[in-house]
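I have placed the structure first, in the form of structure tokens, so that the comments after it can refer back to it.
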Amino acid sequence: MCGVVGIFGTSEVNQDIYDALTVLQHRGQDAAGIATEENGKFFLRKSNGLVRDVFHTRHMRQLKGNIGIGHVRYPTAGGASCAESQPLYVNSPYGITLAHNGNLTNHEQLAKELFESDHRHLNTNSDSEVLLNILAHELQLQDKLAVSKDDIFNAVEALHKRCKGAYAVVANISGHGIVAFRDPNGIRPLIYGERMGAQGQKEYMVASESVALDTLGFEVVRDLAAGEIIYIDETGEFSCYTPELKAVYSPCIFEHVYFARPDSMMDGSSVYKARVRMGEYLADKLVREWGADHDIDVVIAIPESSRPSAMEMSVRLGVKYREGFVKNRYIGRTFIMPGQGERKKSVKQKLNPLELEFKGKNVLLVDDSIVRGTTSREIVDMARKAGAKKVYFASAAPPLRYPNVYGIDMAVKSEFVAHGKNTADIQKEIGADKLIYQDLEDLIRAVVPSDEDVSAHQFDCSVFDGNYVTGDIDEAYLQRLEMLRNDRAKNKDNEDPDVQMMMDLN
């Protein structure tokens, strides 16, 4: 999962892009980058690390121009080298920088086509570089010294026909302007807004989440539709186009469970309200299955994403809510860490229990989801050591049983704790006295705004039900994915020296 931002401004945009990336930091902690344009020349700074560590005053001074894009990354397809941090750049045609959130499911086939048919060179294993070169090739086919907005729309429409999977993209074409587009299923999020700049001219911003626009004073206009393309040229003229595509709008539901900030609006739904409703529906299920005479003394959230759900569960159950864990905010997310040993160590460094909230009590721990079960097992153990009599566990999401192929580097099928197990098996695996999961139907109901018809919405729920909305995923693909993503492969990659070339105009 990554975060992208693009801004057309009436003055220097480097600081605004930096500020937007800090707001989107939760979407990627591996690398960060900004590319700006002035008088047809690009200025680029990118490196591994957090936004605050990648950019210093000397870098910001070099990022000149009123047009720019930015990216925060954690690795999915490809690797974690500096060479694969974004934005990426290609010099022909025109000069293009690009930032991408998502994952191309046919990038191996496309890479072969680029070499054999399009005669373009790829320098990394990144699917984002593949996507950039597809865009560049389709623009080159327009065979013009300067392309029009219709030429750009045609090029991206051709890209849609070639690229499969998930992608939310912002790109800057030198001498032309900013292009942003979303995959035909709308799996990965993208939203845009506007504000008044100097001398009454409109400024535009595109980002992965609405919270980035809010913090910079942009008024949200709307989410991009599935497959939609927007173009802001160098004069500030705004255009949009949505091709006719045979695809069903299916945004990723896991964004609402875990990734998105609670203060974001995503595809017309409040992330915070969705998480509150998750708690409401899960509490109702708990009463149905465990009975209204349950012996829960206290509800405790596992910070941070599950807090709205946990608080609503406490209200519905008539049980007090308490903060039972103190979180170290300087430890990264555990489920994307490469090795099991490192993951275990990180859980203990990340959370510390408050003994007075556990001692002698029957506690209900609420988490947003359970992936490998490693974190859940460690947390249950912490609660017991802190003196809890009984430890119950609730997941605001259904059991995760299938890999994500659309840009979330989650466990391979064999590493999911729920793979091939029922609830009783998983309960035993994590060491809880009782375990309850959200039903998928209730999760969907929670995400759809309360005044809208649930049946009119479709989501990518593939991590829960194994139904991949792009229709191109088979068992052979998943087996190849398992070879790439298992812990053994990641540990091997971490042992190799990083010798790949990086571009850093420093």
Minimal heavy-atom distance between Ile253 and Cys461, with the atoms involved, is CG2-SG, 4.0 Å
Apply the test side chain to side chain donor-acceptor pair (under 3.5 Å) to residues His121 and Glu129: give CA-CA distance (whole Å), side-chain angles for both, the deciding distance (0.1 Å), then the verdict. CA-CA 10 Å; His121 170 72; Glu129 188 185 12; over 6 Å; no
Ignoring hydrogens and geometry, is there a side-chain-to-backbone donor-acceptor pair from Gln142 to Glu138 under 3.5 Å? yes
Please step through side chain to side chain donor-acceptor pair (under 3.5 Å) for the pair Gln438 and Ser395, ending with a clear verdict. CA-CA 6 Å; Gln438 186 84 260; Ser395 169; over 6 Å; no
Check whether Asn48 reaches the backbone of Ala31 with its side chain - one donor and one acceptor, N or O, closer than 3.5 Å. no
Run the numbers on Thr97 and Ile69 for side chain to side chain contact (heavy atoms under 4.5 Å, CB included), then give the verdict. CA-CA 8 Å; Thr97 56; Ile69 64 175; 3.5 Å; yes
Whether His137 side chain and Ile134 backbone form a donor-acceptor pair below 3.5 Å: no
Please determine whether side chain to side chain contact (heavy atoms under 4.5 Å, CB included) holds for the pair Leu104 and Lys164, giving the CA-CA distance in whole Å, both sets of side-chain angles, and the decisive distance to 0.1 Å. CA-CA 6 Å; Leu104 299 183; Lys164 296 182 183 296; over 6 Å; no
Do Arg275 and Pro262 have side chains that get closer than 4.5 Å, going by heavy atoms? yes
Does Phe259 reach the side chain of Val271, with side-chain heavy atoms less than 4.5 Å apart? no
What one should report as the nearest heavy-atom pair of Ala168 and Pro189 is CB-O, 3.5 Å
Charged N to carboxylate O under 4.0 angstrom, Lys413 versus Glu475? yes
Keeping Asn106 on the side-chain end and Arg162 on the backbone end, is there a donor-acceptor pair under 3.5 Å? yes
Compare every heavy atom of Asp465 with every heavy atom of Tyr402, then report the nearest pair and how far apart it is. CE1-C, 3.6 Å
Tyr167-His160 aromatic ring centre distance below 6.0 Å: yes
May I ask you to decide if the ring planes of Phe459 and His457 are parallel, tilted or perpendicular, using 30° and 60° as cut-offs? parallel
Is there a side chain to side chain contact (heavy atoms under 4.5 Å, CB included) between Val170 and Leu98? Walk through the geometry before answering. CA-CA 6 Å; Val170 290; Leu98 177 143; over 6 Å; no
Check: Tyr18 and Leu63 side chains under 4.5 Å, non-hydrogen atoms: no
Salt-bridge contact Arg182-Glu228 (side-chain N to carboxylate O under 4.0 Å): no
Regarding Thr470 and Tyr406, do their side chains bring together a donor and an acceptor under 3.5 Å, going by distance alone? yes
Answer yes if the side chains of Ser462 and Asn467 hold a donor-acceptor pair under 3.5 Å, and no otherwise. no
What's the spacing between Asp453 CG and Ser455 OG if we round to 0.5 Å? 3.0 Å
In terms of heavy-atom contacts, Val13 and Gly68 come closest through CG2-N, 3.8 Å
Can you tell whether the side chains of Arg73 and Asp30 come within less than 4.0 Å, N to carboxylate O? yes
Answer whether the closest heavy-atom distance between the side chains of His256 and Met278 falls below 4.5 Å. yes
Please find out if less than 6.0 Å separates the ring center of Phe238 from that of Tyr204. yes
Electrostatic pair Asp460:Arg188 at N-O distance under 4.0 angstrom: no
Check: Asp19/Thr22 side-chain N/O donor and acceptor closer than 3.5 Å: no
Where the side chain of Gln25 meets the backbone of Gly28, is there a donor-acceptor pair that is under 3.5 Å apart? yes
Just do the side chain to side chain donor-acceptor pair (under 3.5 Å) check on Asp150 and Tyr241 with the steps written out, would you? CA-CA 9 Å; Asp150 290 334; Tyr241 169 63; over 6 Å; no
Give the minimum heavy-atom separation between Phe43 and Glu38, together with the two atoms involved. CE1-CB, 3.9 Å
Spatial distance of atom OG1 (Thr105) from atom CG (Asp472) [nearest 0.5 Å]: 3.5 Å
Crowded around Arg52 CZ? As in, over 12 foreign heavy atoms under 6.0 Å? no
With no hydrogens and no angle check, is any side-chain donor or acceptor of Asp223 less than 3.5 Å from a backbone partner on Ile191? no
Please report whether the ring centroid of His176 lies less than 6.0 Å from that of Tyr94. yes
Looking just at side-chain N and O atoms, do Ser414 and Glu482 make a donor-acceptor pair shorter than 3.5 Å? yes
Look at Lys202 together with Glu219 and state whether they make a salt bridge at an N to O cut-off of under 4.0 Å. no
Just verifying a value: how many Å separate Gln15 CD and Phe55 CZ, rounded to the nearest 0.5 Å? 11.0 Å
Within the distance-only criterion (no hydrogens, no angle test), does the side chain of Asn66 pair as donor or acceptor with the backbone N or O of Gly9 below 3.5 angstrom? yes
Is a side-chain N or O of Asp53 found less than 3.5 angstrom from the main chain of Gly49, in a donor-acceptor match? no
When rounded to the nearest 0.5 Å, the distance separating CG of Asp474 from CD of Gln479 is 9.0 Å
Are Asp214 and Arg261 close enough, and set up right, to give a salt bridge (charged side-chain N to carboxylate O under 4.0 Å, His left out), and what steps lead you there? CA-CA 12 Å; Asp214 296 339; Arg261 272 182 47 156; over 6 Å; no
Using side-chain heavy atoms (C-beta onward) and a distance below 4.5 Å, is Ile7 in contact with Glu203? no
Is the shortest side-chain heavy-atom distance between Leu443 and Asp439 below 4.5 Å? no
Side-chain heavy-atom pair Ile230, Ser239 within 4.5 angstrom cut-off: no
Full working for side chain to side chain donor-acceptor pair (under 3.5 Å) between Ser128 and Gln86: CA-CA 9 Å; Ser128 301; Gln86 299 183 36; 2.8 Å; yes
Phe218: which residues meet the ring-ring contact (aromatic ring centres under 6.0 Å, His included) condition with it, sequence neighbours left out? none
Does a side-chain N-to-carboxylate-O contact under 4.0 Å join Asp118 and Arg120? no
Could you grab the distance from atom CG of Asp151 to atom CG of Asp143, nearest 0.5 Å is fine? 10.5 Å
More than 12 heavy atoms from other groups under 6.0 Å of OH on Tyr249: yes
Mark yes or no for whether Tyr74, through its side chain, and Met1, through its backbone, hold a donor-acceptor pair below 3.5 Å. yes
Close side-chain approach of Phe42 to Glu37, heavy-atom, < 4.5 Å: yes
Kindly give the heavy-atom pair with the smallest separation between Ser250 and Gln458, and that separation in Å. OG-NE2, 3.1 Å
Using modelled atom types only, decide if a donor and an acceptor are shared between the side chain of Thr124 and the backbone of Ser126 within a distance under 3.5 Å. yes
Find the distance between CD1 (Ile17) and OG1 (Thr36) and round it off to the nearest 0.5 Å. 7.0 Å
